[in-house]
Number of protein chains: 2
Amino acid sequence: MNDTKKLGRPRTFDEAEALMAAMNAFWTKGYAATSMKDLTAAMKISGPSIYAAFGDKRELYLKTIDRYADVDGCAPIVAFEGAASIEDAVRGFLTSVVSHSTQQEGAPRGCFLASCVATTVGEVEGVAERMEKAIRETDTRLAARFDKEKSLGNLPKDFPSQDRARLLHDMRQGHVHRSRAGWTAERLLDDLEDRVRMVLMI
Amino acid sequence: MNDTKKLGRPRTFDEAEALMAAMNAFWTKGYAATSMKDLTAAMKISGPSIYAAFGDKRELYLKTIDRYADVDGCAPIVAFEGAASIEDAVRGFLTSVVSHSTQQEGAPRGCFLASCVATTVGEVEGVAERMEKAIRETDTRLAARFDKEKSLGNLPKDFPSQDRARLLHDMRQGHVHRSRAGWTAERLLDDLEDRVRMVLMI
DNA sequence: TGACTTATCTATCAATCGATACATAAATAA
DNA sequence: TTATTTATGTATCGATTGATAGATAAGTCA
């Protein structure tokens with residue numbers, strides 16, 4: 001029952017591609033400083049097409065946030081959850097943070113969500129809930145693995161999973177902050193091993 | 001030789017007060033979203049007076065950054081440097097960060113410099129150098145006290161001062177991020193003692 | 001085919017943007 | 001007093017803002 005053929009003239013652009021282009025524009029200049037002219041240039045779609053496909057500027061912005069939270073923003077956590085040992089997990093998380101905030105091709109430095117928190121929470125309706133959710137989910141997923149490793153005996157019984165999850169999260173915020181301010185990946189990786197030991201108390 | 005009487009009509013506003021009002025406006029809405037209309041309303045000065053006293057919008061912005069870096073931004077470090085013991089210093093630093101990012105009267109949540117890094121580095125000329133300097137100075141001042149305490153025998157000889165200085169700095173970034181995203185001071189102080197132990201390895 | 005639906009582009013809207021010209025006000029200097 | 005200097009307020013500049021109207025293009029459906 002899945003109709004592949006839709007009524008009316010078909011789109012000439014890829015929706016996902018256009019969304020990523022819009023996200024990069026917002027990420028680079030910030031929400032307010034990104035004009036519709038910037039967006040049409042980045043997305044390679046004319047103004048009215050943007051409004052027809054994504055709604056107004058604010059709605060487009062919220063859609064880029066949702067997309068980022070589902071794709072790029074998740075990469076470090078996926079690395080964390082997929083690693084074999086808990087030590088590799090922490091190391092992989094931080095390494096992924098560094099590479100994503102400094103070497104991501106085509107994307108600006110730092111973290112899109114961090115930019116959103118800094119400038120549009122409380123100013124653009126709909127952002128605050130999304131940011132709170134992003135923080136909560138990251139803390140929860142990190143803590144979940146710590147708890148699992150505790151039950152497996154790979155971490156001490158009194159290991160404070162919640163605290164260390166938040167700590168790891170905050171290390172990320174520090175890294176994306178430094179990255180955005182111009183720090184190279186090399187410098188960011190300088191104290192990587194010290195941080196891994198900190199988080200795991202080893 | 002200090003002439004208190006200046007030529008011409010005297011100013012009817014306090015320069016420092018006006019700068020703080022401008023800073024709060026930029027901090028709340030971000031650089032781009034803050035219009036001259038917003039600024040005249042916040043500073044209670046007409047447009048031409050702003051231009052005469054502070055230059056254009058960008059110059060005014062840079063002056064608010066310099067002011068913040070000298071005043072508010074410094075508070076946690078002053079607390080850190082002034083505490084009696086190194087443990088109280090770390091505790092005082094983090095406590096000051098929380099109170100300044102959540103309870104500062106009249107000021108928006110979070111950290112002004114964090115907002116600047118997120119949105120105007122690379123976009124507004126003159127911001128990048130200031131942000132790099134702010135990070136460097138914080139790292140240096142934190143590490144300096146760790147080094148001093150090492151020489152006094154209050155910290156182990158192999159204590160990694162630089163790493164822990166950066167760690168403490170990044171804990172701050174995490175806190176101002178969460179604060180801006182809506183976290184209360186109470187929640188932020190939840191894992192305070194765990195973090196003090198982390199930084200000092202005790 | 002012709003009716004219908006959706007997408008695209010050009011042109012353009014009123015509103016707001018950052019910034020300034022100009023006249024006036026309030027001080028000092030001679 | 002008059003000349004000079006600096007600050008203030010009104011009114012307004014051209015440019016840009018986010019958003020839309022209307023005509024046209026390209027597909028499906030009967």
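Just so it is clear: chains get the letters A, B, ... in the order the sequence lines come, proteins before strands, and each one is counted from 1.
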Expressed as a whole number of angstroms, how long is the span from [X]:[atom1] to [N]:[atom2]?
X	N	atom1	atom2	result
B/L7	D/dT5	CG	P	7 Å
B/D38	D/dT17	CG	P	17 Å
A/K37	C/dC17	NZ	C1'	14 Å
B/M36	D/dC13	CE	P	19 Å

Partner of B/S161 under side-chain contact (heavy atoms from CB on, under 4.5 Å), chosen from B/E149, B/K148, B/K150: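 Single side-chain contact (heavy atoms from CB on, under 4.5 Å) partner of B/S161 among B/E149, B/K148, B/K150: B/K150.
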
Which residues in residues 23-35 of chain A have at least one heavy atom lying under 4.0 Å from any atom of DNA chain D?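 Correct list: A/T34, A/S35.
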
Contacts to DNA chain D from residues 44-59 of chain A, heavy-atom cutoff under 4.0 Å, which residues?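 Contacts with DNA chain D under 4.0 Å: A/P48, A/Y51, A/D56, A/K57.
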
What pair of heavy atoms forms the shortest contact from A/V176 to A/C111, and how long is it?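 For A/V176 versus A/C111, the nearest heavy atoms are CG1-CB, 3.7 Å.
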
Atom of B/P160, atom of A/D194 and distance for their closest heavy-atom approach: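 Minimum heavy-atom contact is CG-OD1, 3.9 Å.
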
For the pair A/R91 and A/E87, find out whether any cationic side-chain nitrogen is under 4.0 Å from an anionic carboxylate oxygen.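 Here A/R91 pairs with A/E87 in a salt bridge, since their nearest N and O are under 4.0 Å apart.
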
Charged N to carboxylate O below 4.0 Å: is that the case for B/R187 and B/D190?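 No, B/R187 and B/D190 are not salt-bridged.
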
What's the separation between atom CZ in A/R130 and atom CG in A/D66, rounded to the nearest 0.5 Å?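 Answer for the CZ-CG pair, A/R130 versus A/D66, is 4.5 Å.
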
Aromatic plane relationship, A/F93 with A/F80 - under 30° parallel, 30 to 60° tilted, over 60° perpendicular: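 Rings of A/F80 and A/F93: perpendicular, as their planes differ by over 60°.
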
Geometric class of the B/H177/A/H169 ring pair [parallel <30°, tilted 30-60°, perpendicular >60°]: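 If you compare the ring of A/H169 with that of B/H177, the planes turn out tilted.
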
Could you tell me if the side chain of B/D170 sits less than 4.5 Å from the side chain of A/R195, heavy atoms only?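 Yes, close enough: below the 4.5 Å cut-off.
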
Within residues 8-16 of chain B, which residues have any heavy atom lying less than 4.0 Å from an atom of DNA chain C?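 Correct list: B/G8, B/R9, B/P10.
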
Is it true that a side-chain atom of A/K44 and a backbone atom of A/F13 form a donor plus acceptor pair closer than 3.5 Å?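 It does not hold such a pair.
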
Counting N and O atoms only, with roles assigned by atom type, does the side chain of B/R109 sit under 3.5 Å from a partner on the main chain of B/W183, one being a donor and the other an acceptor?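 Yes, the answer is positive, given that a donor and an acceptor are paired below the 3.5 Å cut-off.
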
Suppose we screen for ring pair (Phe, Tyr, Trp, His ring centres under 6.0 Å). Which residues come up paired with A/F159, at least two apart in sequence or across chains?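 Checked A/F159 against ring pair (Phe, Tyr, Trp, His ring centres under 6.0 Å); matches are A/F146.
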
My understanding is that only residues two or more places apart in sequence, or in another chain, count here; which of them pass ring pair (Phe, Tyr, Trp, His ring centres under 6.0 Å) with B/Y61?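 If we apply the ring pair (Phe, Tyr, Trp, His ring centres under 6.0 Å) test to B/Y61, skipping adjacent residues, the hits are B/F26, B/Y31.
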
Report for the helix from C/dT1-D/dA30 to C/dA30-D/dT1: angle between first-end and last-end helix axes, five pairs each, rounded to 10 degrees.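 The end axes of the helix from C/dT1-D/dA30 to C/dA30-D/dT1 are about 0° apart, to the nearest 10°.
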
